[in-house]
Amino acid sequence: MLRFAPLPIGDMHINELRVAILSYLIAQQKKERFIVRIDDTDKEKVIEGKDTEIMQILEKFALNHDTVLHQSEKMHLYQTLAIGLLEKNKAFVCTCGDEPLQNERYSGRCFEADKEELAKLKNSCTPFVVRIKKPELPIIYHDAMRGEVESSQSEIDSFVILDANGTPTHNFASACADMLLGVTMIISTQAHILDTAKQKHIKMQLGYEEVTDYVHLPDILSDQENLTVKWLFEQGFIPDAIINYLLLLGYTDSPSEIFTLPEAIEWFRLEKLSKDTVTFDLEKLRFINREHLKKMNDRDLSTLFGFADAAIGKLAKLYLEEASTLKELEAKIHPIFAPKDFEGVWEPQMRTLEEIIQNAPMIDSFEAFKHYMLDQSGFEAGHFFKPLRLLLTGAEYGPELCDIYPFIKPYLLEIAS
RNA sequence: GGCCCCAUCGUCUAGCGGUUAGGAUCCAUGGUUUUCAUCCAUGUUACCGGAGUUCGAGUCUCCGUGGGGUCACCA
């Protein structure tokens, strides 16, 4: 079983999305369950509605899950497990507060406090936290990208598992949940390498003996501040392209640059991911987005611009020569159907051409249309194509008119005005 | 600062001791297109530095340098 465990405390970052995509992909490869766990342990930071937003994003990317659950529903269970550790003398109560933590590590002063101490503290209403005892041996786990990862005891202190409110900390709750769910592989980012060791320590202290595989992905760096999924959508990138790009980043040996998630499930190997951090490259994503838009169903594409006509999808694809995102395509398609601006040096010619079109019969081919228009107007070619283009597309430049014509033909009267 | 990871064109990368250091993207130029773009062709651009090991090092070792991560009652 694999899980995606997002924190509902902000917009989803592409690093998180990459974790989700890979978790889903590996679950499919291993034919194991894929579940979503909303890690809403921190009541202070949780943002109302973020959880449904997360689920909507996953749906857009077609990362289908088997189950979804909230950490907040299980807190009592994790508290019980923490108390269990206290009783087994694997954890201790600590009343040090913030004092000894003057940018130093935990002093270990309360190390021997046991559960009798707990009773006393409860009676006297003294604030306390519960800390798990630090490991006596190095924590070693297997990472599919990095091999055996060893964290020495010195890196892992006796860390807090229940805070002063009695709330399980994220690390503790996460470890407990993974254990209880039977998660077999955990994908996260390199920021959590040490957390993984802590969680493994927790699971070992709780007596969990199943082997868990881990992967810690390198981060995607960017000088851009909010590299969120939301932002990518706003820019007009489509899910298939985003998936393609995120899977391609740092991958060594893909059979082709352009692919879909189902295709990647056939050949993707975590071991072939580079351990080096990668830089987010908008230009590359634009290229990939363009390629996926080219492959998109024409009618589906047209609906994104408010049509239900395959011809408009085909028309939009002509503009992929100069546009790479939905947003840019929209900026090309919209002026075609919007009322034209006649102001400018070509105004007389445009007025003439408009009138001819409004009274013209339906003409099938652009060649015939061109000849008809040239005959009727008496214009020279040099004074003809520019105003015609402006009249038909609202733009000075664009794809060949003979390519555009077949798709806009049915809308000609509306367009040429 | 301690510890961990990483280091090839601007970017993503191929390369597992002997290569004209390859591809993709981006960029530039030429051709085609009645215009721009597309398309096709061509081209510029890279092994972080220094010591070793070796007949020979992008490739192995060490030391620098640079980048990233991590050291919470944050998740």
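Protein chains get the first letters and strands the later ones, always in sequence-line order, with residue 1 at the start of each. Keep in mind that the numbers below use all heavy atoms, side chains included, and drop hydrogens, waters and symmetry copies.
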For the [atom1] atoms, the ones on [N] and on [M], what distance do you get once it is rounded to whole angstrom?
N      : M      : atom1 : result
C12(B) : G68(B) : P     : 14 Å
C60(B) : G15(B) : C1'   : 15 Å
G50(B) : U38(B) : C1'   : 49 Å
U19(B) : G58(B) : P     : 9 Å
C3(B)  : C27(B) : P     : 45 Å
U29(B) : C36(B) : P     : 13 Å
G43(B) : U25(B) : P     : 15 Å
G66(B) : C47(B) : C1'   : 15 Å

Is [X] touching bases, backbone alone, or none of the nucleic acid, heavy atoms closer than 4.0 Å?
X       : result
V160(A) : sugar-phosphate
K386(A) : base
D39(A)  : sugar-phosphate
H216(A) : nothing
T167(A) : nothing
K284(A) : base
E400(A) : base
A164(A) : base
I193(A) : nothing

Give the nucleotide from the list [options] with an atom nearest to the side chain of [X].
X       : options                : result
D219(A) : C74(B), G10(B), G69(B) : G69(B)
V278(A) : G68(B), C74(B), U13(B) : U13(B)
L249(A) : G68(B), C12(B), C26(B) : C12(B)
F287(A) : C73(B), U11(B), U25(B) : U25(B)
R131(A) : U70(B), C73(B), A7(B)  : C73(B)
D276(A) : C6(B), U11(B), U70(B)  : C6(B)
K275(A) : C5(B), U8(B), C73(B)   : C5(B)
T277(A) : C73(B), G69(B), G68(B) : G68(B)

How close or far is atom [atom2] of [N] from atom [atom1] of [X], stated in whole angstroms?
X       : N      : atom1 : atom2 : answer
I258(A) : C12(B) : CD1   : P     : 17 Å
L247(A) : U13(B) : CG    : C1'   : 16 Å
Q199(A) : C74(B) : CD    : C1'   : 14 Å
D157(A) : U70(B) : CG    : P     : 18 Å
L390(A) : C36(B) : CG    : P     : 15 Å
L248(A) : U11(B) : CG    : C1'   : 12 Å
Q190(A) : A7(B)  : CD    : C1'   : 14 Å
L194(A) : C3(B)  : CG    : C1'   : 9 Å

Side chain proximity check, E155(A) to L194(A), heavy atoms < 4.5 angstrom
yes

Heavy atoms, side chains only, cut-off 4.5 Å: are M185(A) and L270(A) in contact?
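Counting from C-beta outward, M185(A) and L270(A) do come under 4.5 Å.
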
Test ring-ring contact (aromatic ring centres under 6.0 Å, His included) on F337(A) and F307(A); report intermediate values, then the result.
CA-CA 11 Å; F337(A) 294 93; F307(A) 292 86; 4.8 Å; yes

Watson-Crick or G-U counterpart of [N], or none if no pair lies under 3.5 Å:
N      : result
U65(B) : A7(B)
A41(B) : U29(B)
G2(B)  : U70(B)
U35(B) : none
A14(B) : none
C60(B) : G52(B)

Taking the six-membered ring of F159(A) as reference, does the cationic atom of K198(A) (NZ for Lys, CZ for Arg) lie under 6.0 Å from its centre and within 45° of its axis?
yes

Would you name the heavy atoms of H292(A) and F259(A) that are closest together and state the gap between them?
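It is CE1-O, 3.2 Å.
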
Any N or O donor-acceptor pair linking the side chain of R389(A) to the base of U35(B) at under 3.5 Å?
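Flag set: donor-acceptor pair detected.
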
Starting at the 5' end of RNA chain B and moving along, which residue's nearest nucleotide shows up first, E283(A) or L320(A)?
E283(A)

On RNA chain B, check which nucleotide each of K294(A) and F280(A) is closest to and give me the residue with the more 5' one.
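Closest to the 5' end, via its nearest nucleotide, is F280(A).
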
Indicate whether any N or O donor in one side chain lies under 3.5 Å from an N or O acceptor in the other, for H70(A) and D51(A).
yes

Modelled atom types, side-chain donor and acceptor of H216(A) and T196(A), under 3.5 Å:
yes

Distance check: side-chain N/O of T279(A) vs OP1/OP2 of C12(B), anything under 4.0 Å?
yes

Are the side chain of Q71(A) and the backbone N or O of A173(A) linked by a donor-acceptor pair below 3.5 Å?
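Present.
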
Taken to the nearest 0.5 Å, the spacing of K90(A) NZ from K133(A) NZ works out to 10.5 Å

